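These numbers were taken from a predicted model, which means no experiment stands behind them. Keep in mind that the numbers below use all heavy atoms, side chains included, and drop hydrogens, waters and symmetry copies.
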Amino acid sequence: MEAFTQAVIEIIKRIPEGRVCTYGRIGRLAGKANGGRQVAWILHSSSRRHNLPWHRVINAQGRISLPKLRGYEEQKARLQIEGIAFDAADRIDLGKYLWDGERAYQRSRDTNNEEPR
DNA sequence: AATGTGACGGACC
DNA sequence: TGGTCCGCCACAT
């Protein structure tokens, strides 16, 4: 397996319950500036086998990218169960739920505060 | 080698 | 808010 793919998997595993991350951000954290499409492809082709919280990955517009009747409903349900809210247009407030891997790391280094909500 | 295709993203209008 | 366009990237034909 490629290093990038491995990194992507590890990062997705670290997304906390009740939070989400975007394809593009995951790609950057894994070391590729424009790896969004590749991140999506990795999930599309083999994610379920890695036991990943795949439902916590959404697009930069704060929306679920999965087509309706092809996973959309399931992903939305899983997120709602974790307490994530959708607005009238089925969008998620990234300012509130986005998990920033880097900031989370820094904060846990100096203080022992919990993740913001 | 050339072209098509996505669970993408950002810029623009 | 929404729609289009174009750049990106790896994989499939």
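Side-chain proximity of Arg91(A) to dG2(C), dG9(B), dA7(B): nearest is dG2(C). Checking dG10(B), dA7(B), dG2(C) against every side-chain atom of Ala60(A), the shortest atom distance belongs to dG10(B). Among the nucleotides dA7(B), dC11(C), dC9(C), the one closest to the side chain of Trp41(A) is dC11(C).
Of the possible donor and acceptor atoms, none in the side chain of Arg91(A) sits under 3.5 Å from a partner among the backbone N and O of Gly62(A).
Residue Gly35(A) is out of contact with every strand shown, counting any heavy-atom pair closer than 4.0 Å.
Each of Arg70(A), Lys76(A), Arg78(A) was scored for a side chain to side chain donor-acceptor pair (under 3.5 Å) with Glu74(A), with one residue passing: Arg78(A).
Contact check, Arg25(A) against dG10(B): no side-chain N or O comes under 4.0 Å of OP1 or OP2.
Atom P of nucleotide dC11(C) and atom CD1 of Ile42(A) are separated by 9 Å, given to the nearest angstrom. One interatomic measurement links the two molecules: CZ of Arg37(A) to P of dG9(B), which rounds to 10 Å at whole-angstrom precision. Rounded to an integer number of Å, the gap from His44(A) NE2 to dA12(C) C1' is 12 Å. Between the CG atom of Asn34(A) and the C1' atom of dC6(C) there is a distance of 12 Å, given to the nearest Å. Between the CZ atom of Arg63(A) and the P atom of dG2(C) there is a distance of 6 Å, given to the nearest Å. Rounded to whole Å, atom P of dG9(B) lies 6 Å from atom CD of Gln61(A). Put simply, CD1 on Ile92(A) is 18 Å from P on dA7(B), counting in whole angstrom units. Gln38(A) places its CD atom 15 Å from the C1' atom of dG9(B), with the value rounded to the nearest Å.
Under the 4.5 Å side-chain criterion, counting only non-hydrogen atoms from C-beta, Arg25(A) is in contact with Asp100(A). Using a 4.5 Å cut-off on side-chain heavy atoms (C-beta onward), Ser65(A) and Ile58(A) make no contact. The side-chain heavy atoms of Trp99(A) and Ile11(A), taken from C-beta on, include a pair separated by under 4.5 Å.
Remark: the separation of the P atoms in dT13(C) and dA7(B) is 15 Å, to the nearest Å.
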